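Report on the following structure.
Numbers restart at 1 for each chain; the letters A, B, ... are given by sequence-line order, proteins then strands. Fair warning: this is a prediction, and the values are worked out from it, not measured in the lab.
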Amino acid sequence: MRLVVDLNRCQGYAQCAFLAPDVFAMHGEESLVYNPQAEQEQRERVARAVAACPVQAITADGLDGCAGGTSDAAH
Amino acid sequence: MPPTDYLDWLRREGRIVVVGASLAGLRGAETLRAEGFGGELTMIGDEPYEPYDRPPLSKAVLLGRAAPHHTELPHRREIDAKWRLGVAATGLDIEARRVRLADGDEVEYDRLLIATGVRARPWPKEDEARLEGVFTLRTRDDAAALLRRLKAGPRRVFVIGAGFTGSEIASACREQGIPVTVAERAGAPLVGALGGVIGAVAAEMHRENGVDLRTGVMVTALEGDPVGRVRAVHLSDESIVEADVVIVSLGATRNTDWLTGSGLGAGPRGIACDAGCRAFDFRGIVTDDIFVAGDVARSPHALFGYQFLSLEHWGNAVAQAEIAAHNMISPSAERRPHLWVPAFWSSQFGVNIKSVGVPPMGEQIMITQGSLAERRFVGVYGHNGRTIAAVSFDNTRWLEFYQREIERGAPFPVEFPTVDRRPEGRVPVDSDFPDPALPTHGPMVTLSGYSPTDQQLVFHPARH
């Protein structure tokens with residue numbers, strides 16, 4: 001599943017790094033490093049991270065209510 | 001057809017073409033659909049990939065935390081578009097409303113969104129740029145090729161240009177123990193974007209992390225070995241540095257070549273457009289069917305003296321694409337101005353650098369929280385007695401406050417007492433931007449153009 005973090009909005013609360021540590025990690029005091037293509041088995045954790053982010057900076061597809069990423073890309 | 005009928009028809013069955021299939025193009029297309037555009041949507045992109053995110057390429061990807069070919073952007077919704085990927089737009093016929101493609105095809109539109117962005121500025125000497133081991137970093141293919149070389153354990157990486165990308169690359173190399181030399185024409189890293197006061201902090205970060213930082217020098221030549229691999233870099237101070245990987249990080253040039261001769265107001269500084277994202281033609285008359293968004297756009301901003309701003313910022317691409325898309329299918333009374341306050345981030349040497357506003361406009365800077373020595377601070381920039389920008393190092397939570405200050409034109413120097421302010425922050429100092437006539441690696445914001453306030457024009461609205 002694909003995800004992107006709006007790092008203008010991110011304030012380094014690190015909730016995502018606690019809830020989905022294999023996808024999100026703090027790098028230094030407040031920088032966030034993440035894997036934009038998380039494994040399917042991380043889905044539940046990513047969903048929790050998306051919901052828990054205090055500034056709602058994470059967009060992920062393939063979660064409920066979001067469009068699929070690949071279905072309309074015909075090439 | 002009356003204008004409202006035309007808009008109804010356009011929204012129902014018109015043809016919208018988006019040139020540029022990256023962040024701005026994708027978010028623009030999604031906004032069109034979200035706002036009820038039901039016609040035919042075509043996405044044209046020169047890279048053979050669906051829209052992907054670029055910021056991770058110089059950060060998470062080089063650190064091995066993400067794969068270069070897996071940064072595709074999540075979609076906010078289905079956009080039901082016809083994709084023409086891997087084929088560049090090569091021309092535009094404004095009269096006939098047609099985009100020409102590299103494969104000879106032509107695509108007709110009723111409304112056009114141009115979001116062709118920028119590309120890495122190449123090393124100017126072509127024979128040297130072709131040497132094996134010389135890289136630029138803009139696309140995912142660039143990132144994949146560079147990553148392969150870094151994994152192979154180069155003897156020394158040489159980075160030309162200490163802007164954000166160059167500094168991030170140097171940081172990623174050092175984190176993996178790779179020896180790095182960085183050369184910057186200006187007096188310190190990041191000076192074009194943040195000025196010399198902050199640049200001095202960035203220079204310390206480079207050196208403490210083991211970067212061999214050379215400032216005030218230019219690269220004069222790249223030397224190859226007999227089989228065409230780069231082996232050394234020659235500098236203007238006559239020193240020579242042996243390196244088997246050279247990364248040219250000299251900023252970006254705008255992808256407007258395909259518009260040459262089209263009649264659009266497009267050039268090396270981007271495509272001029274109004275605050276509603278409508279492109280100007282070369283006569284300075286605004287078009288009504290061609291819109292621009294993202295890095296390639298250059299638009300006047302009321303908060304910053306109506307200067308034309310070109311912003312190579314991720315957040316700008318998103319915000320401007322949303323405004324452009326909305327305006328493309330809205331009657332003029334419902335159009336909105338793009339008044340996004342510039343903001344960007346960078347992550348290097350473990351420090352989170354963020355900014356709001358337009359730092360290069362600021363003649364002075366005050367450190368209002370923390371201290372430069374601790375690498376944890378907020379610096380506020382002032383211009384003509386107003387707060388115009390702020391930068392934070394590992395102190396991002398203050399920025400939203402300063403964004404409001406910028407938006408309301410708060411006075412500068414900052415008069416209120418702030419939490420955690422040290423003696424060095426009590427008085428403003430010269431922010432020490434280099435003379436803009438002397439280019440550095442290329443700034444992240446370029447200012448240009450004409451301000452109505454300079455013309456002493458006063459607009460008197462009618463009284464009722």
Side-chain angles (χ1 to χ4, degrees), chain A residues 1-17 20-43 45-47 49-51 53-75, chain B residues 21 23 30 33 43 45 48-53 55-56 59-61 63 65-67 69-86 175 313-316 318 343-356 375-376 392-400:
Chain A
M1 59 186 302
R2 304 167 178 192
L3 58 105
V4 67
V5 182
D6 181 345
L7 290 171
N8 285 316
R9 203 180 278 184
C10 173
Q11 298 193 356
Y13 287 101
Q15 297 302 302
C16 54
D22 294 331
V23 180
F24 305 95
M26 298 311 292
H27 195 66
E29 292 282 309
E30 66 171 35
S31 287
L32 178 70
V33 183
Y34 64 94
N35 185 350
Q37 187 114 312
E39 302 291 333
Q40 262 321 309
E41 60 260 31
Q42 295 291 328
R43 178 189 195 80
R45 288 169 189 219
V46 170
V50 169
C53 176
V55 291
Q56 294 291 291
I58 310 168
T59 304
D61 66 14
L63 296 177
D64 288 340
C66 292
T70 45
S71 54
D72 58 14
H75 62 97
Chain B
L23 179 62
E30 289 167 347
R33 291 300 192 206
M43 305 285 294
Y49 309 115
E50 59 177 302
Y52 63 87
D53 208 25
K59 305 175 187 78
V61 166
L63 291 171
R65 307 277 188 96
H69 284 96
H70 291 292
T71 71
E72 289 93 347
L73 286 158
H75 292 204
R76 292 172 174 173
R77 58 177 301 121
E78 301 278 350
I79 58 173
D80 185 25
K82 191 173 172 195
W83 294 81
R84 303 292 305 263
L85 296 173
E175 217 163 293
H313 295 164
W314 190 93
N316 183 65
V318 175
F344 67 84
W345 76 86
S346 171
S347 176
Q348 46 185 277
F349 306 109
V351 174
N352 192 29
I353 303 176
K354 289 173 87 166
S355 162
V356 291
R375 311 275 161 73
R376 189 182 171 88
S392 72
F393 275 46
D394 275 349
N395 226 334
T396 178
R397 286 175 208 176
W398 285 106
L399 281 191
E400 202 174 318

Which of the residues A/Met26, A/Met1, A/Gln11 is involved in the greatest number of heavy-atom pairs with chain B at under 4.5 angstrom? A/Gln11
Using non-hydrogen atoms only, which part of B/Gln348 is less than 4.5 Å away from chain A: side chain, backbone, both, or neither? neither
Pairs of heavy atoms under 4.5 Å with chain B: top-ranked of A/Leu32, A/Val33, A/Val4: A/Val4
Give a yes/no verdict on a cation-pi contact between B/Arg397 and A/Tyr13, requiring under 6.0 Å between NZ or CZ and the six-membered ring centre and an angle within 45° of the axis. yes
Between chain B and each of A/Leu3, A/Asn8, A/Asp6, count heavy-atom pairs under 4.5 Å; write down the option with the most. A/Asn8
Would you mind checking which part of B/Asp53 comes under 4.5 Å of any heavy atom in chain A, side chain (CB onward), backbone (N, CA, C, O), both or neither? side chain
Part of B/Glu400 within contact of chain A (heavy atom distance under 4.5 Å): side chain
Does any part of the side chain of B/Leu399, heavy atoms only, come nearer than 4.5 Å to the side chain of B/Trp345, both counted from C-beta? no
Side-chain contact, heavy-atom cut-off 4.5 Å: B/Glu78 with B/Arg33? no
Going from CZ on B/Phe393 to CD on A/Glu29, what distance comes out if it is rounded to the nearest 0.5 angstrom? 14.5 Å
Of the backbone (N, CA, C, O) and the side chain (C-beta and beyond), which part of B/Lys354 lies under 4.5 Å from a heavy atom of chain A, both, or neither? side chain
Please say whether more than 12 non-hydrogen atoms of neighbouring residues, nucleotides or ligands are located less than 6.0 Å from CZ in B/Arg376. yes
According to the interplanar angle, ranging from 0 to 90°, do the rings of A/Phe24 and A/Tyr34 count as parallel (below 30°), tilted (30 to 60°) or perpendicular (above 60°)? tilted
Given that the side chain runs from C-beta out, which part of B/Ile353 has a heavy atom under 4.5 Å from chain A: side chain, backbone, both or neither? neither
